[in-house]
Amino acid sequence: MPIEQSNCIRRFVRTCNDGWLQGWHERNGGNLTYRMTQEDFDVCEPYFNLKGEGHEWIDLGIKAPSLGGQFFITTGSGKYMRKVSIDLTDSIGIVELSEDGSAYRKVWGLSNGGRPTSELPTHIMNHAVRAQATDGENRIIYHAHCPNVIALSTIVEPDARTWSRILWKSMTECIIVFPDGVGVVPWMVPGGAAIAEATSKLMEDYAACVWTQHGLFVSGSSFDDAFGLMHTIEKSAQLYLMAKAANGGAEPAYLITDDQLKAVCRDFNVEPNKAFLD
Ligand SMILES: [Zn+2]
């Protein structure tokens, strides 16, 4: 089977394209990584290539020993989500993490001297945190520039409780999709160790984090799971902004109440983050 037709590559490409179609990935905005299963590895490994230049080990600047030796599909630094489906090998690649989890090397793709996303250290750190928090189930880390989340972050304080309540109260099924709520990282310079650490600290408790005036950072056990979480949060932010604008800028009068949220959790057998409910 050509590597392009493997399940993991097809789903990766589909997710990049879905995000592009949603309007979340202007220019080279956003990035996606997937921690491969043994089955994915077996299908893709015949296509790995360590010959020629550009396959040397590169220091990550962080350490994730729990994921040492694992393989990740990643979008490329400076590459466009819009181009992934039409220029696959230039836009994405597969990297191997060193045994001690402190370095990576390219084993496939990013064919024109490309490098993995500059957020790779943030992604790997968060893969480690989420794998630990979910007994290894979590395999996706996805970052997008969702416009309504970014707009909302210009009018709401960067506080997890405030954000979670707004999102839960604007669309009934949100509390089922993210019962822990969302974490919020205050404005920070992207791409560095500081935002990686701040995000991974929050991802111990949340599957999703808002990056203030920047976008969203989510995790998931599958591409559908991660994309669905991103989509749900972005849509709820949009509904809140629409309702607020329609109400002349004042707080909407009929947001979902705390008692109604509790009733949803009871009937759907969901354990919400009680610290965020009154
Ligand atoms: Zn970004």
Side-chain angles (χ1 to χ4, degrees), residues 12-35 60-62 72-85 90-93 95 104 110 114-130 138 140-156 158 160 163 167 178 182-203 206-220 223 226-238 241:
F12 191 97
V13 171
R14 174 65 192 256
T15 304
C16 292
N17 205 54
D18 284 348
W20 156 249
L21 293 175
Q22 289 294 328
W24 299 343
H25 297 296
E26 79 291 342
R27 204 172 181 277
N28 61 326
N31 30 70
L32 175 67
T33 56
Y34 168 70
R35 184 167 60 86
L60 264 175
I62 56 113
F72 298 82
I73 309 177
T74 176
T75 49
S77 176
K79 303 298 181 186
Y80 292 26
M81 289 287 189
R82 181 174 66 81
K83 297 282 295 293
V84 170
S85 64
D90 177 73
S91 305
I92 71 170
V95 296
Y104 71 89
L110 293 170
R115 291 247 181 144
T117 168
S118 58
E119 294 288 2
L120 189 67
T122 311
H123 279 238
I124 298 289
M125 249 175 118
N126 283 285
H127 272 292
V129 167
R130 292 307 297 167
N138 235 134
I140 315 280
I141 297 287
Y142 181 30
H143 166 56
H145 295 173
C146 305
N148 291 287
V149 167
I150 299 170
L152 188 56
S153 77
T154 67
I155 60 169
V156 170
W163 269 84
L167 297 170
F178 49 98
V182 296
V184 184
V185 178
W187 186 89
M188 293 180 88
V189 176
I195 197 165
E197 274 163 34
T199 307
S200 61
K201 190 96 200 67
L202 290 170
M203 296 290 273
Y206 306 103
C209 273
V210 173
W211 280 3
T212 298
Q213 288 134 26
H214 184 157
L216 253 183
F217 195 89
V218 307
S219 60
F223 290 105
F227 187 87
L229 179 58
M230 185 82 80
H231 202 185
T232 306
I233 293 170
E234 165 65 358
K235 185 169 185 182
S236 194
Q238 180 182 25
L241 289 171

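Counting starts at 1 for both ligands and their atoms, in listed order. We're numbering straight along the sequence, starting at 1. As the structure is a prediction and not an experimental result, all values here were calculated from the model.
Side chain to side chain, Asn31 and Glu119 fail the donor-acceptor criterion of an N or O pair below 3.5 Å.
A distance of 5.5 Å separates OG of Ser236 from CZ of Phe178, quoted to the nearest 0.5 Å. We find the CD1-CH2 distance between Ile195 and Trp211 to be 4.0 Å, quoted to the nearest 0.5 Å.
For the ring-ring contact (aromatic ring centres under 6.0 Å, His included) with His143, the lone residue among His123, His214, His25 that qualifies is His214.
Here 3 is the count of protein N, O or S atoms positioned under 2.8 Å from the Zn ion (ligand 1), waters not counted.
Taking the six-membered ring for Trp and the full ring otherwise, Phe223 and Tyr34 have centroids separated by under 6.0 Å.
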Pair up each side-chain donor or acceptor in residues 73-82 with any protein partner under 3.5 Å, not counting sequence neighbours, and list the distances.
from	atom 1	to	atom 2	distance (Å)
Thr75	OG1	Leu32	N	3.1
Lys79	NZ	Asp90	OD1	3.3
Lys79	NZ	Asp90	OD2	3.2

